[in-house]
Amino acid sequence: MIWLTWRQFRVNALVVYAALLAVVAALALTGPHLADVYDQSASTFLDWIATRRLDQSLYVVGTVGGFVVPALIGAFWGAPMIARELEAGTHRLAWSQTVTRDRWLATKLGLGLVGASTAGAVLGLATTWWAHPVDKAVGARTDSDVSSIFQVARLSPQLFASRGVAPIGYAALAFVIGVLAGAVIRRTVPAMAVTLAAYVVIQIVMPNFVRPHLATPVDTSTKIAAGSIHGIMGRGPDGPIERIDVGSAHPGAWVLTNQTVDANGATVHSFGKWVTDCLGPPPGTDKGSQTDAAQKQACYDRLASEGYRQHLSYQPAGSYWALQWRETGVLLAGAALLCGACFWRVRRLS
Amino acid sequence: MNAVISTAGLGKRYRRRWALTDCTLDVPAGKVVGLVGPNGAGKTTLLSMAVGMLAPTTGTIEVLGGRPASGPEQLAKVGYVAQDTPTYTGLTVDEHLRLGAALNPRWDDAVARDRIRRLGVDPAQRAGRLSGGQRAQLALTLGIAKRPELLVLDEPVASLDPLARREFLQDLMEAVAEHEMSVVLSSHLVSDLERVCDHLIVLVDSRVQVAGDIDDLLATHHRLTGPRRDPETLPADQQVISASHTDRQSTLLVRTEAPVLDPAWSVDQLGLEDLVLAYMSGARDVARDERPAFEVLS
């Protein structure tokens with residue numbers, strides 16, 4: 001049974017692994033140089049890498065690949081695995097050999113899951129190894145500006161799912177989704193489309209609704225001090241100001257909530273126009289700096305005296321691997337559940 | 001009777017449509033049994049349940065004393081050549097034999113190789129590039145080399161041209177003679193079955209209309225032609241299957257164990273095809289009579 005499954009699966013498997021191999025080879029060739037440069041001058045590393053076009057491309061390829069490869073595995077390995085047999089009627093040939101349906105499905109799922117998890121592990125860990133100097137440099141930054149991809153912390157949703165061990169979980173889950181979709185829909189192409197849609201939904205649900213709760217976030221409440229305001233958001237140039245963002249002083253952290261609370265502890269949704277003074281004059285306008293400094297200080301004093309505090313909730317950088325393992329666990333548990341659904345479905349197929 | 005397939009009150013529903021209802025029949029062992037009936041009679045559904053592709057909605061089915069596809073032992077005993085004889089298009093003929101060998105403990109590789117060699121098919125050829133007849137032969141080879149006790153074939157020749165059809169059935173007969181196994185073969189063409197079967201089951205609307213060894217069926221059915229006469233006046237041992245009348249003449253198709261002695265009749269032997277068609281149209285007439293008769297005058 002393993003031989004037959006491998007015989008049917010090998011072309012799809014080899015295509016994905018060939019692409020992976022190319023990416024891993026490129027990472028392996030360039031990775032040691034990055035580490036050397038970092039060791040020599042860690043403080044200027046991010047400025048240096050920002051000038052390296054090839055390394056930037058590899059960084060993007062590794063990151064995007066971490067998101068795309070599980071989708072491809074789900075659509076091109078998972079979805080056709082049963083749907084193609086049902087379309088061609090060959091399941092009736094397979095099931096009339098001396099092989100139970102359970103064994104037939106278990107072999108398919110087993111081989112596919114091993115292949116998918118391996119692909120996820122190779123890509124996730126290769127990218128993590130390659131990007132290790134970048135992650136260290138980003139983790140050591142003190143300002144929280146994010147103006148290039150080399151300033152994004154690995155804990156942020158843009159990077160998290162494509163690094164570490166998480167791709168193992170995503171690849172395995174996407175594969176099983178594909179198999180189940182194929183068994184339920186019985187047609188390959190619609191099953192592929194459904195698989196991709198389901199994968200996108202999971203990629204939206206995980207960072208927004210699941211990951212924040214996988215470890216207890218750190219909650220802080222601080223006075224809004226001079227210079228800490230990072231941005232002010234209002235509706236239109238003359239509309240009410242609705243939000244104040246304060247820069248996080250925690251490098252590499254993933255900020256979940258960043259909101260102002262009033263003296264009663266309630267979230268503030270509307271501020272007076274005066275809070276714009278805290279930011280000082282917009283750049284490029286020509287005003288006396290003395291009066292502005294006084295104005296700014298008055299603004300901060302007023303925020304403090306009226307009892308405004310900034311509430312920050314974040315996952316600290318140190319929670320990275322705990323979150324990685326837990327998220328992978330959640331995804332693998334989901335995959336196991338859907339495997340059960342596959343067995344249930346295949347027993348009812350004809 | 002020693003039955004390879006035995007069903008009682010068997011039924012299968014697809015969503016809201018019943019494909020088979022309350023079907024009770026026995027398929028005798030050690031024979032080549034033809035299952036014949038019009039399209040939609042439930043032949044494929046019945047055979048699918050016999051090999052465990054489908055689970056019954058109602059009733060029971062027992063195959064070789066076990067529940068279909070209940071485990072490897074049961075699967076090993078039953079061979080199945082599905083409708084349209086599916087094969088893996090991307091796999092070569094040789095790889096099909098390899099999968100048969102890997103997946104069947106009783107696999108007879110010598111028989112399989114020998115059959116492929118006699119067919120003159122290149123083992124390195126992909127199954128997708130075989131002709132319809134060769135593909136059917138490959139599927140049959142897998143079924144035979146598995147060495148089952150019962151081989152079930154669902155319309156195996158339906159899509160073949162007359163020559164390929166004849167070769168396929170001839171090969172099947174040879175295999176049956178060589179390896180002792182029971183065979184159930186479905187078709188809606190009596191001529192296909194007449195060539196290979198020694199037992200016939202006529203299935204119309206899930207009901208067995210007639211079942212028996214073909215020789216017995218032919219010996220006990222007669223066409224009687226004579227002056228017009230009410231079928232009710234026939235001797236009690238003559239069962240009328242169908243009757244047609246002109247103003248002066250009656251043509252009756254009767255089943256009887258005893259010889260027909262009435263000199264008023266001219267008695268003819270009946271072909272198997274006529275016999276089966278008489279039962280099929282008889283069943284259809286019954287169905288029609290159950291509806292309100294709008295066409296009394298016609």
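Proteins come first, then strands; the chains are lettered A, B, ... in the order of their sequence lines, and each starts at number 1.
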A.B. asks: Closest approach of A:Ala88 and B:Pro86, non-hydrogen atoms and distance?
C.D. replies: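 Shortest heavy-atom separation between A:Ala88 and B:Pro86 comes out as O-CB, 4.0 Å.
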
A.B. asks: Which bit of B:Ala76 comes within less than 4.5 Å of chain A, counting heavy atoms only: side chain, backbone, both or neither?
C.D. replies: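 For B:Ala76, heavy atoms of backbone and side chain both lie under 4.5 Å from chain A.
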
A.B. asks: Enumerate, including both backbone and side-chain atoms, all donor-acceptor pairs under 3.5 Å from chain B to chain A.
C.D. replies:
{"residue": "B:Gly52", "atom": "O", "partner": "A:Arg101", "partner atom": "NH2", "Å": "3.0"}
{"residue": "B:Met53", "atom": "O", "partner": "A:Arg101", "partner atom": "NH2", "Å": "2.8"}
{"residue": "B:Gln83", "atom": "O", "partner": "A:Arg92", "partner atom": "NH2", "Å": "3.4"}
{"residue": "B:Tyr88", "atom": "OH", "partner": "A:Glu85", "partner atom": "OE1", "Å": "2.8"}
{"residue": "B:Tyr88", "atom": "OH", "partner": "A:Glu85", "partner atom": "OE2", "Å": "3.3"}
{"residue": "B:Gly90", "atom": "O", "partner": "A:Arg7", "partner atom": "NH2", "Å": "3.1"}
{"residue": "B:Glu95", "atom": "OE1", "partner": "A:Arg7", "partner atom": "NE", "Å": "3.3"}
{"residue": "B:Glu95", "atom": "OE1", "partner": "A:Arg7", "partner atom": "NH2", "Å": "3.3"}
{"residue": "B:Glu95", "atom": "OE2", "partner": "A:Arg7", "partner atom": "NE", "Å": "2.6"}
{"residue": "B:Leu103", "atom": "O", "partner": "A:Thr98", "partner atom": "N", "Å": "3.2"}
{"residue": "B:Asn104", "atom": "OD1", "partner": "A:Thr98", "partner atom": "N", "Å": "2.8"}
{"residue": "B:Asn104", "atom": "OD1", "partner": "A:Thr98", "partner atom": "OG1", "Å": "2.7"}
{"residue": "B:Asn104", "atom": "ND2", "partner": "A:Gln97", "partner atom": "OE1", "Å": "2.6"}
{"residue": "B:Lys146", "atom": "NZ", "partner": "A:Ser96", "partner atom": "O", "Å": "2.4"}

A.B. asks: Checking side chain to side chain contact (heavy atoms under 4.5 Å, CB included) between A:Leu93 and each of B:Val81, B:Leu142, B:Leu138, which is the one that passes?
C.D. replies: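 Between A:Leu93 and the candidates, side chain to side chain contact (heavy atoms under 4.5 Å, CB included) is satisfied uniquely by B:Leu142.
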
A.B. asks: Which region of A:Ile2, side chain (C-beta onward) or backbone (N, CA, C, O), has a non-hydrogen atom less than 4.5 Å from a non-hydrogen atom of chain B, or is it both or neither?
C.D. replies: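 Neither part, no heavy atoms under 4.5 Å.
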
